[in-house]
Amino acid sequence: MRAWLRLLLPLACGPAPAPGDTDSQSTSTSTSTSTSEPANPTTGAPTTGGLDMMTEAACLEEIYPGDLWSGSEPALTCGGLELCPDGDPIVFQLDGPGLAEDLSSPTSVETDLERARCLATALRDRTPGQFLFVPVIDTEIPYVFGLEVVGELVVARSDRGLCEAIEPEPKSCHVHERLRVLRPPEYFADCVDGDAIALWRCLVDPVEPEPVCAAGPLACPP
């Protein structure tokens, strides 16, 4: 599947909203720092390229050059295992008007229902771990999204889809990571047995509207 996805035509690079975000830029109140080389994570211990995550922060986020697709290590992470693994990000084929402006309201969705339900269950149960998911519109991948569950919080990640495939140098693609608060378990319980559209909406909008960026530190599970 990875080879098939790489043949899809990506959109131009640029700042990407994380799952649940309504904006694509960092907030003015952020106290995080951007780095060009994120640090390698240590399982069970929070890591970041430039911020001590064991200290308080008004907004815990990172924006740094790179892309999620290449498998580069995230800056904000507890090193969680992949949830519902299959070797590739789960793909959601979306159809419907207005998707270029709003990914949350497709009229039809095709995906691996069993795997999508597994991921919705993991969000409901606050299962520690992480995963990537990819929306496809016609033959375009507008974004690559990622979530890492850390208790009642989640690190939401995003980048423009396959940026480095079309603009390898200079690196104009950036990964955006932001700590957010997960919606309550019942929100995900309602879509675990739902259709593909319900499951897509659960994954693309899994966080509370406020705060738009949660305060640090990132407390990793034991």
Side-chain angles (χ1 to χ4, degrees), residues 2 5-6 8-41 46-53 57-80 82 88-92 99-104 130-137 140-150 153-180 203-207 211-216 218:
R2 186 179 298 277
L5 283 173
R6 286 190 176 275
L8 296 173
L9 177 64
L11 296 178
C13 299
D21 280 359
T22 56
D23 66 315
S24 60
Q25 302 295 332
S26 61
T27 60
S28 60
T29 58
S30 172
T31 60
S32 68
T33 58
S34 297
T35 63
S36 58
E37 296 295 336
N40 292 329
T47 63
T48 179
L51 181 69
D52 181 359
M53 286 160 42
C59 167
L60 192 56
E61 69 174 352
E62 284 279 350
I63 301 175
Y64 55 89
D67 67 286
L68 293 171
W69 191 269
S70 66
S72 59
E73 300 293 356
L76 304 180
T77 183
C78 288
E82 183 182 0
D88 288 298
I90 184 171
V91 174
F92 289 83
L99 290 174
E101 291 76 29
D102 182 7
L103 289 174
S104 67
Q130 56 188 311
F131 63 94
L132 297 177
F133 61 105
V134 179
V136 177
I137 305 172
E140 295 179 341
I141 299 176
Y143 302 104
V144 178
F145 292 126
L147 295 170
E148 181 171 351
V149 181
V150 186
L153 302 175
V154 66
V155 178
R157 305 182 175 115
S158 66
D159 71 18
R160 287 283 185 179
L162 300 183
C163 268
E164 298 299 332
I166 58 173
E167 288 192 57
E169 295 293 343
K171 289 186 176 181
S172 59
C173 308
H174 288 76
V175 174
H176 184 187
E177 299 183 329
R178 181 180 287 181
L179 190 63
R180 300 293 299 266
L203 265 61
V204 79
D205 189 21
V207 296
V212 295
C213 182
L218 180 61

Donor-acceptor contact present, side-chain [X] to main-chain [Y], <3.5 Å:
X: Glu177; Y: Ala75; result: yes
X: Arg178; Y: Val155; result: no
X: Gln130; Y: Gly146; result: no

In sequence, state the C-alpha distance, the side-chain angles, and the governing distance for Thr77 and Arg157, and then conclude on side chain to side chain contact (heavy atoms under 4.5 Å, CB included).
-> CA-CA 10 Å; Thr77 183; Arg157 305 182 175 115; 3.5 Å; yes
Is any side-chain heavy atom of [X] less than 4.5 Å from a side-chain heavy atom of [Y]?
X: Val175; Y: Pro74; result: no
X: Val204; Y: Phe92; result: no
X: Val144; Y: Asp67; result: no
X: Leu76; Y: Leu60; result: yes

Before giving the answer on side chain to side chain contact (heavy atoms under 4.5 Å, CB included), spell out for Leu132 and Val134 the whole-Å C-alpha distance, their side-chain angles and the decisive distance to 0.1 Å.
-> CA-CA 7 Å; Leu132 297 177; Val134 179; 5.7 Å; no
Which distance, rounded to the nearest 0.5 Å, do you find between the [atom1] of [X] and the [atom2] of [Y]?
X: Tyr143; Y: Ile137; atom1: OH; atom2: CD1; result: 9.0 Å
X: Glu148; Y: Leu179; atom1: CD; atom2: CG; result: 10.0 Å
X: Asp205; Y: Leu103; atom1: CG; atom2: CG; result: 11.0 Å
X: Arg180; Y: Cys59; atom1: CZ; atom2: SG; result: 9.5 Å
X: Phe133; Y: Leu68; atom1: CZ; atom2: CG; result: 10.5 Å

Closest heavy-atom pair and its distance - Pro135, Pro142 =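 Distance-wise, the nearest heavy atoms are O-CD, 3.3 Å.
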Which is it for Cys78 and Val150 under the side chain to side chain contact (heavy atoms under 4.5 Å, CB included) test, yes or no, and what are the steps along the way?
-> CA-CA 8 Å; Cys78 288; Val150 186; 4.1 Å; yes
Is there a side chain to side chain contact (heavy atoms under 4.5 Å, CB included) between Leu203 and Phe131 once you walk through the steps?
-> CA-CA 11 Å; Leu203 265 61; Phe131 63 94; 3.9 Å; yes
